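Have a look at the structure below before the remarks.
Side chains included, hydrogens not; waters and symmetry mates left out as well; all remaining heavy atoms used. As the structure is a prediction and not an experimental result, all values here were calculated from the model. Sequential numbering from 1 along the given sequence is applied to the chain's residues.
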Amino acid sequence: LAQAAAGGCVVVMSTRAGSGRAVPALRYAEQGFVTADTLTPQKARVLLMLALTRSNDRAAIAELFARA
């Protein structure tokens with residue numbers, strides 16, 4: 001995943017736990033991962049697909065995930 005993020009792919013980190021959130025750890029942020037916060041992987045995937053229709057910029061997509 002780190003190689004994909006370094007290569008320009010947007011990598012979104014989510015959790016499949018029943019409740020809780022994906023906490024943005026510093027090491028993942030340094031690698032360029034976007035955190036889905038409380039979104040399930042399925043919802044994060046849909047949001048990422050929609051976000052990619054608007055922009056490929058990782059910061060812009062991270063902002064969308066922060067507002068979701």
Side-chain angles (χ1 to χ4, degrees):
L1 291 175
Q3 286 179 332
C9 291
V10 179
V11 177
V12 178
M13 184 177 67
S14 184
T15 180
R16 294 186 67 167
S19 63
R21 52 192 292 211
V23 180
L26 181 60
R27 67 179 179 170
Y28 297 126
E30 289 173 348
Q31 293 175 351
F33 293 7
V34 175
T35 303
D37 197 28
T38 59
L39 295 177
T40 63
Q42 295 85 358
K43 291 178 182 178
R45 180 176 183 249
V46 171
L47 181 56
L48 178 59
M49 287 189 299
L50 292 171
L52 288 171
T53 65
R54 306 296 289 179
S55 174
N56 288 334
D57 181 44
R58 186 176 295 135
I61 292 173
E63 177 64 30
L64 287 173
F65 273 90
R67 289 189 282 156

Could you tell me the separation between the [atom1] atom of [X] and the [atom2] atom of [Y], rounded to the nearest 0.5 Å?
X     : Y     : atom1 : atom2 : answer
Leu48 : Ile61 : CG    : CD1   : 6.0 Å
Thr38 : Lys43 : OG1   : NZ    : 8.0 Å
Arg45 : Ser14 : CZ    : OG    : 13.0 Å

Please identify each residue that fulfils side-chain contact (heavy atoms from CB on, under 4.5 Å) with Ala4, with sequence neighbours left out.
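For Ala4 the side-chain contact (heavy atoms from CB on, under 4.5 Å) partners, ignoring immediate neighbours, are Cys9, Val11.
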I'd like to check the side-chain contact (heavy atoms from CB on, under 4.5 Å) partners of Leu47; sequence neighbours left out, ordered by chain and number.
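Residues passing side-chain contact (heavy atoms from CB on, under 4.5 Å) with Leu47: Leu39, Phe65, Ala68.
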Under the side chain to side chain donor-acceptor pair (under 3.5 Å) rule, collect the residues that match up with Thr40, sequence neighbours excluded.
Gln42
I'd like to check the side chain to side chain donor-acceptor pair (under 3.5 Å) partners of Gln3; sequence neighbours left out, ordered by chain and number.
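Applying side chain to side chain donor-acceptor pair (under 3.5 Å) to Gln3 gives none.
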Connected-component partners of Leu64 among ILVMFWY, side-chain separation under 4.5 Å:
none
Heavy atoms only: give me the nearest Ala2-Phe33 pair and the separation to one decimal.
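Minimum heavy-atom separation between Ala2 and Phe33: N-CZ, 4.0 Å.
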Looking at every non-hydrogen atom in both residues, tell me the closest pair between Val34 and Ala62 and how far apart they are.
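Nearest pair, atom of Val34 first, then Ala62: CG1-CA, 3.8 Å.
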Just wondering, are more than 12 heavy atoms of other shown residues or ligands nearer than 6.0 Å to CG in Leu1?
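Incorrect, the count does not exceed 12.
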Going by the ring pair (Phe, Tyr, Trp, His ring centres under 6.0 Å) test, which pairs reach into residues 38-59, not counting sequence neighbours?
none
